[in-house]
Colleague: 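This is the structure, below, for whatever I ask next.
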Amino acid sequence: MSGETGALSALLTEDRRFPPPEDFAANAVVSDPGIYERARSDREAYWEEWARELDWFEPWHTVLEWKPPFAKWFLGGKINVSHNCLDRHLNGPRRDKIALLWEGEPGDTRSYTYAELHLEVAKFANALKALGVGKGDRVTIYLPMIPEAAVAMLACARIGAIHSVVFGGFSPESLADRNNDARSKVLVTADGSWRRGGILALKANADVALERSPTVEHVVVVRRGGELSEKVDASMKPGRDHWYHDLMQDVSDECAPEHMDAEDILYILYTSGTTGKPKGVVHTTGGYLTQVYATTKAVFDLKDDDVYWCTADVGWVTGHSYIVYGPLANGAQVLMYEGAPDAPDRGRFWEICEKYGVTVFYTAPTAIRAFMRWGDSWPGRYDLSKLRLLGTVGEPINPEAWMWYHRTIGGERCPIVDTWWQTETGAIMITPLPGVVETKPGTATRPFPGVEATILDDAGEETDAGYLAITSPWPSMLRTVWGDDDRFRATYWSRWNGTYFPGDGAKRDQDGYFWILGRVDDVLNVAGHRIGTMEVESALVDHRAVAESAVVGKTHDIKGQAIAAFVTLKEGYEATDALMHEIRDHVGEKIGAIAKPEVVIFTADLPKTRSGKIMRRLLRDIAEGRAVGDTTTLADPAVVASLKAKYEHEES
Ligand code: PRX
């Protein structure tokens, strides 16, 4: 293992233990620890049991076909995701239960019962059909956190169209790249959205992207409504652009769900990798729904009277699996919030928890660390006594933040589920079962029953500190990278034979619990968002003044990691503050604000080996303020000393 993963050997000693509270365990969806053994003894039969809880038009004839690295689950089965999320709840008491409760940043609200959401989805499915969208066609969804985001996803699923949701914070250029890679036929967007009191003008961004998105024939524009839509005057191109509310006027509200093959594609979701080009992660229908359904039910312990809130954005996989598909397949009451946690003030999340009586709350460590910094008085103002279960996802949670979450938000009574998974895994993979597993702050504990994970070294030998590895196929696994089987093989399956490589370092303790230590590749995790260093580097060198750049992550108290960029300028450009800001903004324009480097260091040279390879390990040492490692292979060792001095100067 390389020196870069040396942190893996740093043993974490944590002896605080939190067994499931007795009353919680007594009523938990899963309270029998025997589930682990049952799953292990016959993994396929175990997943079949979960799959049988869903509605299938036709049963499968084979549970799993595994021709590494290609898996097929529930072969021959016919199913529709939107039918499972909506129609199957309509014949019982859930018909008039609230499916989606929405709160806008300015405090406006909307809600849909299952019956109402079903009608809205059926209508929009018909509207998409009227625009020529059919089974297998791609639809890009570039929407803010408004109910129509869920409606659009479910409408695609209903007619067998493949959605590709693009996070609203991505730039026009990122949107265009994704439209083109997926060859999307239709784009669904909105005039805008509120974000921290400001307006995010999505349609204006989309218009820029559309100038170079030749495959997109039609654009559907949702009016966000309220003051925002009075302020934003979205320009509409006749023939191409259509208002959502206009399309919904004359369509039928009956739309029979398409009978999809279990292995038909449900969606593509782009995520950062180690090259400059994001990968389109492909998820299919039957296995994906089975695992998101199972994990939502078992990990979040969902009951019919729960008010469930996952604070992620639908633009990320967490929003797909745990705002839309998992909870709705379970008939849950799902809360969705448009805005920022500090708008209008830092108590907003807790105000919402009190207002709606949230019982299950799922958020990211980066948010928890920010709340912690903002102080206990914000949550202290609100009644959080309805909360009964807390979750985290997206990055490692430090024990201190875990303890704060446990005490201040959970009132020391709520179990915490620290859930490890990825865009590629589609659903939760390593997590406590809250009624069964004793937790310890900072560890995601054990693989979900039916998931087989271990820790391997470079040679593929088991170890207690090395790389996380998933050793057998799981139902919601990615099936490939859109249009690029070779990249799928090379990225995930080439390290070991037939074993999945997630790209994370991990350690196993004496209880067999997994401690995830972060990425071991050139992917950063900034505030729970995945950003490839190469993506940022390509955006940097795209600036007219930049000759060369190297990007590394540096530890950040709240965001987990922040981006540090080392930049050499072309001849004739001067290293000024103004230029630094311009370069940062340039990255924001190319990728999106989340990718703007926090620190930009101008340097005459980058540390390189004699063969010309940039030594990122040394840059990481500099960015972290560590003693710089071995420099003997450098072409010019003096570069490092001058860079280090410069960095320390900038930081101070
Ligand atoms: O490094 C791991 C980290 O987030 C990566 C996956 O990012 P993404 O595909 O954007 O999905 C995020 C939401 C599922 C992983 O490779 N990660 C995610 N959850 C955890 C985590 N690291 C530690 N603990 C977690 N609970």
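Note that ligands are numbered from 1 as they come in the structure, with each ligand's atoms numbered from 1 the same way. The residues of the chain are indexed from 1 along the displayed sequence.
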Colleague: For atom 13 (C) of ligand 1, which protein heavy atom lies nearest, and how many Å away is it?
Modeller: T318 OG1, 3.4 Å

Colleague: Tell me every residue that passes side chain to side chain donor-acceptor pair (under 3.5 Å) with T140, counting only those two or more places apart in sequence or in another chain.
Modeller: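 In terms of side chain to side chain donor-acceptor pair (under 3.5 Å), with neighbours along the sequence ignored, T140 is linked to N179, S184.
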
Colleague: Who's the nearest protein heavy-atom neighbour of atom 9 (O) of ligand 1, and how far?
Modeller: T423 OG1, 2.6 Å

Colleague: So among W47, Y500, Y46, which one has a ring pair (Phe, Tyr, Trp, His ring centres under 6.0 Å) with W474?
Modeller: Y500

Colleague: Do the side chain of S476 and the main chain of T425 share a donor and acceptor less than 3.5 angstrom apart?
Modeller: yes

Colleague: Do any nitrogen or oxygen atoms of G394 lie less than 3.5 angstrom from nitrogen or oxygen atoms of ligand 1?
Modeller: yes

Colleague: Report the part of N525 (side chain from C-beta onward, or backbone N, CA, C, O) that has a heavy atom under 4.0 Å from ligand 1; answer both or neither where that applies.
Modeller: side chain

Colleague: Starting from atom 24 (N) of ligand 1, find the nearest protein heavy-atom neighbour and note its residue, name and distance.
Modeller: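 Looking only at protein heavy atoms, the one closest to atom 24 (N) of ligand 1 is E395 O, 3.3 Å.
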
Colleague: Does an N or O anywhere in D504 fall below 3.5 Å from an N or O of ligand 1?
Modeller: yes

Colleague: Give yes if a backbone or side-chain nitrogen or oxygen of R530 is under 3.5 Å from a nitrogen or oxygen of ligand 1, and no if not.
Modeller: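 Yes, there is a polar N/O contact under 3.5 Å.
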
Colleague: Can you tell me how the ring of Y322 sits relative to the ring of Y362, calling it parallel under 30°, perpendicular over 60° and tilted otherwise?
Modeller: perpendicular

Colleague: Can you find an N/O atom of Q422 closer than 3.5 Å to an N/O atom of ligand 1?
Modeller: yes

Colleague: Would you mind telling me if ligand 1 is within reach of the side chain of A444, the backbone, both or neither, using heavy atoms under 4.0 Å?
Modeller: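 Near ligand 1, A444 shows nothing, with every heavy atom at 4.0 Å or more.
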
Colleague: Fit a plane to each ring of F349 and F361, take the angle between them on a 0 to 90° scale, and name the class: parallel (under 30°), tilted (30 to 60°) or perpendicular (over 60°).
Modeller: perpendicular

Colleague: Are F448 and L433 packed together at the side-chain level, in the sense that at least one heavy-atom pair is separated by less than 4.5 angstrom?
Modeller: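 Yes - at least one pair of side-chain heavy atoms lies under 4.5 Å apart.
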
